[in-house]
Amino acid sequence: MLRIDQLKIPIGHSQGDLKKKTAQLLKIGTSDILEVRILRQSIDARKKPRICYSYCLAVNVKNEDRILHRLQGNAGGVVRLERSEYAFPRRGSRQQEFPPVIVGTGPAGLFCGYFLALHGYRPILLERGRAVEERQRDVEEFWRTGSLDPGSNVQFGEGGAGTFSDGKLNTLVKDRDGRNGAVLETFVRFGADPRICYEAKPHIGTDVLCGIVRDMRQEILRLGGQVRFESQVTDLEIRQDAVAGVVVNHCERIACGQVVLAIGHSARDTFRMLYEKQVPMEAKAFAVGLRMEHPQSMINESQYGVSDPGLLGAASYKVTARAENGRGVYSFCMCPGGFVVNASSEPGRTVVNGMSYSGRSGGNANSAIVVTVTPEDFGDEHPLAGIEFQRQLEERAYSLGAGKIPVQRYGEFKGRAAAHVSEDRRGYEEGGSREDPEGIQPQCKGAYVWADVSRILPGECNQALVEGIEAFGKQIRGFNRPDAILSGVESRTSSPVRICRDETMQSRIRGLYPCGEGAGYAGGITSAAMDGIRAAEMIAAEYAPADLAVDVSRGNG
């Protein structure tokens, strides 16, 4: 099979057009092509508004050797395809005494549990929140009324925090072992659009992702695993520096020899418990900032040269800059046609995130614009100091909005940040309006209120944000427009803690496998899922399951 890179063809082409273009490049007839499979599809918008798709293709042809020999040196980007299929490891020789326990059902825990279940390990998945169907109702109720359930919200519950996001699946993690492909194929198996396997920037959308999460859980149950909700791990039993069991909800003990710690980075009470159990961990750098909204049509015009992108769908962007004070400033979790959501999980603290449905049809684009912070900013060398730093920002945001999302126009934020205004709230009390019929209107899930958002972050972070946004205005026309909307606070971009592990993915506490985004080893749905698969592989390579009598007819993932 041949691999063709950077084959360009106009938007709106048919499958027949693609085959014909492929035949022209290979200088053969279309009848000599047996199969054309898309490996990767990206958008080439360098000659706006004439936009093309750029393809990487796998092509099965007659007389492959003859074609390669004839094209040698004359057709760049045509090579023999090197296949890299994902393979789960052979079972280890040590016999498990108890099924493995997985703490958390975000992407890391869910994929770890699914792959272990596929291979006969009958894992026990423990989730502090509720099943995704109930969780959806709880989240919608919070957005409607402001009544927060600390156990079931945007952060906690089946599917993890990524369930209420854009469902972005792109990752910068290298995929030498095929895990990325395995993750995408698994999503497709459970209902995702097959295009995610080849799109350069794949996404699922919150509405579709919820159903996928539910169906993966049901398959784990069918394969003999357990998934238990409202089951928070409140203690870890350790004997001779090895895991012996977990305690659920302060009362129930579950004996086990392997615990996959796939907690999200909002599980602050669990981090505290692990610290008290002397599980090695350290503070790490992350980023904080604000959500920024622009008209989606403006982003489309900048990226594609047209305000209505048609078949291309809502455009996205990625921007980076470095401020004079040395801090990096960049966009994070960009949501085309999406909403800013109240993503709070603790009473008295407000957090925002971004979310898109699969259609990405909202009028605004939003992204977190964030600034890097390091342990030096936390004011303490304690491993959990970053969590306290986050909490301080979230408490300020809550106070400003009285529990609602505080929002402010960029022009006002810029002026107040420059003047270092911190105490004057005149004009920002609830009821003081910043509505402008001609300006951008916030698109939020959850109530919002106009407030002085410049009071949330430290002054040098505000300074870096303004510098970055002004620089981004030179890259995307209108990015720094005064009526753009800022909301806060985006404080949970990644984990402020790393739970230390070795090359076997185990802590110094043997049998404890810190994994995924919360443990500090991933940054998004796909990389967290890949890390979860790795944890499953590590367990399987060492142990054989206690009971192999399980139906694995769905395949090996």
Side-chain angles (χ1 to χ4, degrees), residues 139-140 142-146 154 164-166 205-207 289-303 306-309 313-317 331 333-344 350-357 359-369 397 400-417 425 427-456 465-466 469 472-473 476-490:
V139 169
E140 292 286 350
F142 170 57
W143 288 339
R144 188 177 63 84
T145 66
V154 172
F164 293 93
S165 70
D166 188 51
T206 292
D207 44 343
L290 306 168
R291 278 273 149 185
M292 192 166 193
E293 294 182 77
H294 300 93
Q296 182 62 54
S297 58
M298 185 195 89
I299 303 301
N300 295 340
E301 185 72 39
S302 172
Q303 303 300 77
V306 293
S307 59
D308 183 356
S316 63
Y317 62 81
S331 58
C333 187
M334 193 269 155
C335 297
F339 298 85
V340 174
V341 305
N342 191 329
S344 304
T350 295
V351 184
V352 294
N353 196 3
M355 181 190 82
S356 294
Y357 294 113
R360 289 178 162 177
S361 57
N364 285 1
N366 77 74
S367 179
I369 306 299
L400 281 173
K404 299 177 182 179
I405 299 171
V407 302
Q408 184 177 30
R409 296 204 182 278
Y410 172 64
E412 296 172 346
F413 173 88
K414 178 181 175 182
R416 288 189 168 244
R425 285 196 65 186
Y428 286 88
E429 300 295 339
E430 186 171 355
S433 176
R434 288 294 180 275
E435 295 290 349
D436 177 0
E438 302 301 321
I440 306 167
Q441 302 304 313
Q443 288 197 341
C444 297
K445 292 289 187 179
Y448 66 86
V449 61
W450 298 97
D452 185 4
V453 172
S454 70
R455 296 176 61 188
I456 299 175
L465 280 177
V466 170
I469 290 169
F472 303 152
I476 298 175
R477 185 184 176 116
F479 200 93
N480 58 340
R481 57 193 286 172
D483 65 340
I485 303 293
L486 294 174
S487 57
V489 60
E490 181 91 21

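Here the structure is a predicted model, which is why all the values come from computation and not from measurement.
- The distance from the OG atom of Ser356 to the CG atom of Asp207 is 10.0 Å, given to the nearest 0.5 Å.
- A distance-only check finds a donor-acceptor pair linking the side chain of Gln303 to the backbone of Ser316 [under 3.5 Å].
- If you take OG on Ser454 and CG on Leu486, they are separated by 10.0 Å, rounding to the nearest 0.5 Å.
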Do Met292 and Ser331 pass the side chain to side chain contact (heavy atoms under 4.5 Å, CB included) test, and can you show the C-alpha distance, the side-chain angles, and the key distance before you say yes or no?
CA-CA 9 Å; Met292 192 166 193; Ser331 58; over 6 Å; no
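- Heavy-atom minimum distance, Gln296 versus Gly362: CB-O, 4.1 Å.
- Taking both residues in full, the closest heavy atoms of Leu400 and Ala451 are given as O-CB, 4.0 Å, listed atom of the first, atom of the second, then distance.
- Between Lys404 and Thr350, the closest side-chain pair of non-hydrogen atoms is not below 4.5 Å.
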Verdict with reasoning, Leu465 to Tyr410, per side chain to side chain contact (heavy atoms under 4.5 Å, CB included):
CA-CA 11 Å; Leu465 280 177; Tyr410 172 64; over 6 Å; no
Decide yes or no on side chain to side chain contact (heavy atoms under 4.5 Å, CB included) for Trp143 and Phe164, but give the supporting numbers first.
CA-CA 12 Å; Trp143 288 339; Phe164 293 93; 4.2 Å; yes
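- Distance alone, capped at 3.5 Å, places no donor-acceptor pair between the Ser165 side chain and the Met355 backbone.
- Between the side chain of Ser344 and the main chain of Val351, a donor-acceptor pair closer than 3.5 Å is present.
- Between Phe472 and Ile369, some side-chain heavy-atom pair lies under the 4.5 Å cut-off.
- In plain terms, the two heavy atoms of Arg409 and Ile485 that are nearest each other are NH1-CD1, 3.1 Å.
- Side-chain contact check for Ser302 versus His294: every heavy-atom pair is 4.5 Å or farther apart.
- Annotation for Ile440 and Ala484: closest pair CD1-CA, 3.7 Å, computed over non-hydrogen atoms.
- Heavy-atom minimum distance, Val352 versus Ser487: CG2-O, 4.1 Å.
- A heavy-atom distance below 4.5 Å is not found between the side chains of Pro336 and Ile299.
- The distance between the ring centers of Phe479 and Tyr317 falls below 6.0 angstrom.
- For the 3.5 Å distance criterion, the side chains of Asn364 and Glu293 qualify, holding a donor opposite an acceptor.
- Under the 3.5 Å distance criterion, the side-chain polar atoms of Glu490 are left unmatched by any main-chain donor or acceptor of Gly488.
- Checking side-chain atoms of Asn300 against main-chain N and O of Val306 turns up no donor-acceptor pair under 3.5 Å.
- When side chains are defined from C-beta on, Asn342 does not count as touching Lys445, because their heavy atoms never get closer than 4.5 Å.
- One N or O on the side chain of Glu301 and one on the backbone of Ser307 form a donor-acceptor pair closer than 3.5 Å.
- Considering every non-hydrogen atom in both Val341 and Ile405, the closest pair reads C-CD1, 4.0 Å.
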